[in-house]
Amino acid sequence: MNVTLLQMRVDQDEPVDSRRSRAASLVRDQAGADLVVLPELWTVGAFAFDDFPAVAEPVAPDGPTTAAMAGAARDAGVWLHAGSVVERAPGGELFNTSLVFSPDGALAALYRKIHRFGFDRGEAALMSAGTEPATVAFPAGKLGLATCYDLRFPELFRALVDAGAQALVVPAGWPARRAEHWSLLARARAVESQCYMLACCTAGSHADVPQAGRSAVIDPWGEVVAEAPDAEERVVSAEIDLGQVAEVRESFPVLKDRVL
Ligand SMILES: O=C(O)CCC(=O)C(=O)O
């Protein structure tokens with residue numbers, strides 16, 4: 001199957017509405033792919049905390065990002081992991097919520113980021129934490145969902161493996177300053193989970209935080225199959241075979257030796 005990561009530029013001088021249209025058109029350009037992935041909080045920028053309340057939107061058919069991404073998935077005929085949005089939940093709280101659409105434009109899954117970044121500031125102060133790990137089954141296999149800072153918490157990935165994930169999808173707005181951590185942890189989670197890793201980060205710079213880019217497709221042996229070389233806007237595509245997950249787990253059965 002073909003997977004395509006859209007490493008979009010998120011710069012604060014581009015209005016949110018025009019970036020939303022641009023994202024929809026980038027997705028439409030990927031007709032023929034099986035799965036397309038966008039980064040974390042690409043509408044506003046993961047570090048543009050001051051703007052979160054103003055862009056917060058419901059996950060509802062008429063929410064602007066839900067509507068645009070459902071339409072783009074349908075037009076392109078692809079499974080779309082639409083990265084994440086600042087969700088305003090019915091009770092008023094904000095969540096960092098990832099959305100997955102099927103090729104008919106239906107919302108197939110949502111995942112509210114469990115580990116919020118910022119310690120006692122930024123996202124951690126403004127947003128509520130999700131509580132449920134999430135997977136989504138699609139024709140080729142099962143995706144496990146996580147978001148950015150979640151990558152630092154291997155226990156979440158163990159839960160996703162136990163739930164049957166064969167590919168882990170991690171949208172991010174990871175800062176360039178810790179780009180080595182991003183690449184290292186993405187590979188580590190692929191190796192320890194014996195899963196594909198689809199790690200899609202933003203490009204550009206917003207709120208004075210240059211982004212890491214370096215989006216990557218990593219196989220269950222930890223080999224990098226495709227990777228953006230930098231933090232420019234890039235389309236990263238790869239052919240993957242989810243059957244390799246079972247092969248790697250059978251030929252090198254470390255997951256069977258888990259004790260805890
Ligand atoms: O863990 C990190 O270094 C970055 C995490 C982050 O930027 C985020 O979760 O938005």
Side-chain angles (χ1 to χ4, degrees), residues 5-12 16 19 23 37-57 65 81-88 93-99 110-134 144-160 168-190 192-193 197-216 218 227-228 230-231:
L5 314 181
L6 299 176
Q7 178 173 292
M8 276 194 89
R9 279 195 80 94
V10 178
D11 297 309
Q12 234 152 345
V16 170
R19 191 156 47 247
V37 183
L38 279 161
E40 180 189 31
L41 297 181
W42 54 267
T43 50
V44 62
F47 284 87
F49 310 122
D50 293 347
D51 299 337
F52 284 4
V55 299
E57 56 183 292
T65 304
H81 185 309
S84 69
V85 297
V86 181
E87 177 195 1
R88 187 176 296 284
E93 323 141 80
L94 304 186
F95 290 95
N96 184 337
T97 302
S98 291
L99 307 172
L110 67 75
Y111 164 67
R112 289 173 169 160
K113 185 177 182 182
I114 292 176
H115 303 95
R116 296 157 302 160
F117 182 61
F119 309 109
D120 54 356
R121 291 185 291 157
E123 181 184 49
L126 286 165
M127 286 177 152
S128 300
T131 52
E132 299 293 324
L145 310 182
T147 307
C148 202
Y149 188 50
D150 282 334
L151 198 55
R152 294 187 182 272
F153 300 87
E155 59 276 20
L156 171 61
F157 292 83
R158 280 295 194 235
L160 295 173
L168 306 162
V169 190
V170 184
W174 199 282
R177 184 156 183 273
R178 293 184 294 280
E180 289 305 324
H181 297 193
W182 164 243
S183 298
L184 178 71
L185 292 170
R187 276 187 83 193
R189 298 292 87 87
E192 78 192 0
S193 309
M197 167 62 71
L198 314 179
C200 183
C201 188
T202 42
S205 180
H206 63 271
D208 294 326
V209 181
Q211 295 292 287
R214 287 165 59 165
S215 299
I218 302 164
E227 184 175 33
D230 52 25

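Start at 1 and go down the list; that is how both ligands and their atoms are numbered. This chain uses plain numbering: 1 for the first residue, then up along the sequence. Side chains included, hydrogens not; waters and symmetry mates left out as well; all remaining heavy atoms used.
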Heavy-atom contacts with Arg152 under 4.0 Å: which atoms of ligand 1 show up? List them by number with element.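 What qualifies from ligand 1 is 1 (O), 2 (C), 3 (O).
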Distance under 4.0 Å to a non-hydrogen atom of Gly173: what atoms of ligand 1 satisfy this?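 In order of numbering, the contacting atoms are 7 (O).
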So, does Phe47 sit close enough to ligand 1 that a heavy atom of it is under 4.0 Å from the ligand?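 Yes, Phe47 has heavy atoms under 4.0 Å from ligand 1.
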Taking the non-hydrogen atoms of Arg116, is any one of them nearer than 4.0 angstrom to ligand 1?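 Checking ligand 1 against Arg116, which is what was asked, there is no heavy-atom contact under 4.0 Å.
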Tell me which one of Glu57, Lys113, Glu87 satisfies side-chain hydrogen bond (donor to acceptor under 3.5 Å, both in side chains) with Thr97.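 Exactly one candidate clears the test, Glu87.
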Can you tell which of Gln7, Gln211, Arg9 makes a side-chain hydrogen bond (donor to acceptor under 3.5 Å, both in side chains) with Thr202?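 Testing Thr202 for a side-chain hydrogen bond (donor to acceptor under 3.5 Å, both in side chains) against Gln7, Gln211, Arg9 leaves exactly one candidate, Gln211.
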How are the rings of Tyr149 and His115 set relative to one another: parallel (under 30°), tilted (30 to 60°) or perpendicular (over 60°)?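 The arrangement is perpendicular - the two ring planes meet at more than 60°.
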Relative to the ring of Phe117, is the ring of Phe47 parallel (under 30°), tilted (30 to 60°) or perpendicular (over 60°)?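 Phe47 and Phe117: perpendicular rings.
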Heavy-atom distances under 4.0 Å decide this one: backbone, side chain, both or neither, for Phe117 against ligand 1?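 Looking at Phe117 and ligand 1, just side chain atoms fall under 4.0 Å.
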Relative to ligand 1, is Glu40 under 4.0 angstrom through side chain, backbone, both or neither, heavy atoms considered?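 Side chain only.
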For Thr65, the option from Val85, Val16, Val55 that meets side chain to side chain contact (heavy atoms under 4.5 Å, CB included):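 Only match with Thr65 under side chain to side chain contact (heavy atoms under 4.5 Å, CB included): Val85.
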Closer than 4.0 angstrom, basic N to acidic O: yes or no for Arg214 and Glu180?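 Result for this pair is yes, salt bridge flagged.
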Polar contact flag, side-chain donor to acceptor under 3.5 angstrom, Tyr111-Asp150: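 Indeed, the side chains of Tyr111 and Asp150 share at least one donor-acceptor pair under 3.5 Å.
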Counting non-hydrogen protein atoms only, what is the nearest one to atom 9 (O) of ligand 1? Give residue, atom name and distance.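 Of every protein heavy atom, Lys113 NZ, 2.7 Å lies nearest to atom 9 (O) of ligand 1.
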Top protein contact for atom 3 (O) of ligand 1, by heavy-atom distance: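 For atom 3 (O) of ligand 1, the nearest protein heavy atom comes out as Arg178 NE, 2.6 Å.
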Which option, Ala46, Pro175, Cys148, owns the non-hydrogen atom nearest atom 6 (C) of ligand 1?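 Nearest option to atom 6 (C) of ligand 1, by heavy atoms: Cys148.
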